*Asks:* 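Submitted below is the structure of interest, expressed as structure tokens.
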Amino acid sequence: MNFQTQVPTAAILGPALLIFALFALARRRGNVPGWRGGPLVLRALTAIYAAGVVSVTSFPLWIYGGGYRNEAPWTSQIQPIPLLTADISMIPNVVMFVPLGFLLPLLSHRLTSRRTVAVCALASLGIELAQLLQYIALAHGRAVDINDLIANTLGGLLGYAALRTAQRTAAARDVLNKLSPSPSTV
């Protein structure tokens with residue numbers, strides 16, 4: 001039986017964001033520290049950002065079967081040699097992770113530059129592995145590229161540097177402190 005079907009982005013991310021909104025509302029109503037005012041706004045922005053990243057990296061989600069299924073071996077989807085095919089197309093991957101490097105230390109005060117970069121690298125690795133698993137399970141082809149991992153991690157580092165630069169000015173520091181949950185509520 002030959003088939004191909006597309007899972008719409010909204011069918012997955014819509015319910016996920018709704019669940020987050022209900023969770024956030026319950027935490028806010030329960031007066032849980034860090035879930036009111038600025039910190040709630042920061043958490044909501046982070047959830048929307050995460051949904052955007054998942055949307056860009058995983059959707060549209062196509063499922064193929066029968067004669068439509070891609071028969072190329074999954075190993076052909078992996079580009080393991082760093083910078084072999086590096087070009088200007090890496091810039092969107094850098095840009096995509098700048099917000100993550102900016103947001104993570106605001107959400108958790110324990111994140112140093114090294115930890116932030118490590119979390120960004122792990123998030124990027126998770127995306128690449130998810131894309132590989134999509135290819136194996138659904139014959140939905142996205143390349144798994146070490147350059148994406150490098151570019152995303154660089155973006156996280158630049159986001160962290162942008163945050164620390166912004167925190168040097170009193171006005172920006174005040175705004176960011178209002179958004180960030182206090183260390184005791186993280």
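All values derive from a computational prediction rather than experimental measurement.
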*Asks:* Are any of the side-chain heavy atoms of Ser108 and Leu111 separated by less than 4.5 Å?
*Replies:*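 Yes, side chains in contact.
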*Asks:* Could you pull out the closest heavy-atom pair between Gly34 and Pro181, with the gap in Å?
*Replies:*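 Result for this residue pair: CA-CB, 4.2 Å.
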*Asks:* So, does Thr153 use its side chain to make a donor-acceptor pair with the main chain of Leu149 at under 3.5 Å?
*Replies:*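 Answer holds: yes.
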*Asks:* Please check if the side chain of Gln6 supplies one atom and the backbone of Leu61 the other of a donor-acceptor pair under 3.5 Å.
*Replies:*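 It does not hold such a pair.
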*Asks:* Does any non-hydrogen side-chain atom of Thr46 lie less than 4.5 Å from one of Arg43?
*Replies:*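 The answer is no, as the side chains (C-beta and beyond) never meet within the 4.5 Å cut-off.
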*Asks:* Answer yes or no: is there a side-chain heavy-atom contact under 4.5 Å between Ile12 and Val54?
*Replies:*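 Answer no - side chains too far apart.
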*Asks:* Backbone N or O of Ala51 within a donor-acceptor pair of the Ser55 side chain at under 3.5 Å?
*Replies:*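 Not a single qualifying donor-acceptor pair exists.
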*Asks:* Examine distances only and state if a side-chain atom of Gln131 and a backbone atom of Thr57 form a donor-acceptor pair shorter than 3.5 Å.
*Replies:*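 Flag set: sc Gln131 to bb Thr57 pair under 3.5 Å.
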*Asks:* Please name all residues satisfying side-chain contact (heavy atoms from CB on, under 4.5 Å) with Ile91, sequence neighbours left out, ordered by chain then number.
*Replies:*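 Residues passing side-chain contact (heavy atoms from CB on, under 4.5 Å) with Ile91: Ile88, Val95.
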*Asks:* Hey, what do you get for CG (Leu179) to CG (Leu103), rounding to the nearest 0.5 Å?
*Replies:*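 Separation between the atoms: 9.5 Å.
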*Asks:* In terms of hydrophobic clusters joined by side-chain contacts under 4.5 Å, are Ile127 and Phe102 together?
*Replies:*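 Yes, same cluster.
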*Asks:* Could you tell me whether the side chain of Leu107 reaches within less than 4.5 Å of the side chain of Leu42, counting heavy atoms only?
*Replies:*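 They are in contact (side-chain heavy atoms under 4.5 Å apart), so the answer is yes.
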*Asks:* Specify the closest pair of heavy atoms between Asn147 and Met90, including all atoms of both residues, with the distance to one decimal.
*Replies:*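 Closest approach of Asn147 to Met90, heavy atoms only: O-CE, 3.5 Å.
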*Asks:* Under 4.5 Å between side-chain heavy atoms, hopping through other hydrophobics if needed: is there a path connecting Val56 to Ile48?
*Replies:*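 In one cluster with Val56: Ile48, no.
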*Asks:* What's the spacing between Leu100 CG and Leu158 CG if we round to 0.5 Å?
*Replies:*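 Those atoms lie 12.5 Å apart.
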*Asks:* Would a distance-only check, ignoring hydrogens and angles, find a side-chain to backbone donor-acceptor pair under 3.5 Å from Ser180 to Leu176?
*Replies:*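 Answer holds: no.
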*Asks:* Report the residue from His109, Arg110, Arg114 that forms a side-chain contact (heavy atoms from CB on, under 4.5 Å) with Thr112.
*Replies:*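 That would be Arg114; it is the only one of His109, Arg110, Arg114 passing the side-chain contact (heavy atoms from CB on, under 4.5 Å) with Thr112.
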*Asks:* Please give me the minimum heavy-atom distance between Ala166 and Ala172, naming the atom from each residue.
*Replies:*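 Shortest heavy-atom separation between Ala166 and Ala172 comes out as O-CB, 3.2 Å.
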*Asks:* Would Leu132 and Ile136 satisfy side chain to side chain contact (heavy atoms under 4.5 Å, CB included), going step by step from the backbone distance to the final call?
*Replies:* CA-CA 6 Å; Leu132 181 60; Ile136 293 169; 4.0 Å; yes
*Asks:* Tell me, do Cys120 and Leu104 make a side-chain contact under 4.5 Å, heavy atoms counted?
*Replies:*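 Of all side-chain heavy-atom pairs linking Leu104 with Cys120, at least one is under 4.5 Å.
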*Asks:* May I ask you to test the Thr5-Trp62 pair for a side-chain heavy-atom distance under 4.5 Å?
*Replies:*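 With C-beta onward as the side chain, the pair stays apart.
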*Asks:* Considering all heavy atoms of both residues, which atom of Ala123 and which atom of Phe97 are nearest to each other, and what is their separation?
*Replies:*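 Between these two residues, the closest heavy atoms are CB-CE2, 4.0 Å.
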*Asks:* Using the rule given for side chain to side chain contact (heavy atoms under 4.5 Å, CB included), can you reason through Asp148 versus Met96, listing the C-alpha separation, both sets of side-chain angles and the distance that settles it, and then say yes or no?
*Replies:* CA-CA 10 Å; Asp148 292 350; Met96 180 173 64; over 6 Å; no
*Asks:* If you round to the nearest 0.5 Å, how far is CD1 of Ile146 from CG of Leu125?
*Replies:*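 These two atoms lie 8.5 Å from each other.
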*Asks:* Minimum heavy-atom separation for Tyr160 to Pro105, with atom names?
*Replies:*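 Closest approach of Tyr160 to Pro105, heavy atoms only: CD1-CG, 3.5 Å.
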*Asks:* Roughly how far, to the nearest 0.5 Å, is the CG atom of Leu22 from the CG atom of Leu17?
*Replies:*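 It comes to 11.0 Å.
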*Asks:* Could you give the distance from CZ (Phe20) to CG (Leu25), rounded to the nearest 0.5 Å?
*Replies:*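 Taking CZ in Phe20 and CG in Leu25, the distance rounds to 11.0 Å.
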*Asks:* Answer yes or no: is there a side-chain heavy-atom contact under 4.5 Å between Leu13 and Phe59?
*Replies:*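 In short, these two side chains touch, coming nearer than 4.5 Å.
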*Asks:* Of all residues at least two apart in sequence or in a different chain, which pass the ring-ring contact (aromatic ring centres under 6.0 Å, His included) check with Phe23?
*Replies:*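 Expected list: Trp35.
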*Asks:* For Arg28 and Leu40, what are the C-alpha separation, side-chain angles and deciding distance, and is it a side chain to side chain contact (heavy atoms under 4.5 Å, CB included)?
*Replies:* CA-CA 8 Å; Arg28 185 181 183 284; Leu40 179 58; 3.6 Å; yes
*Asks:* Return yes when atom CZ of Arg115 has more than 12 non-hydrogen atoms of other residues, nucleotides or ligands closer than 6.0 Å, and no otherwise.
*Replies:*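 It does not: Arg115 CZ has 12 such atoms or fewer within range.
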*Asks:* Spell out, yes or no, whether Val119 and Val53 are grouped together once hydrophobic residues are joined by side-chain heavy atoms under 4.5 Å, including indirect joins.
*Replies:*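 Yes, because Val119 and Val53 connect within a single hydrophobic cluster, where side-chain heavy atoms sit under 4.5 Å apart.
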*Asks:* Look up atom CD1 in Ile150 and atom CG in Asp145, then write down how far apart they are to the nearest 0.5 Å.
*Replies:*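 So the gap between those two atoms works out to 8.0 Å.
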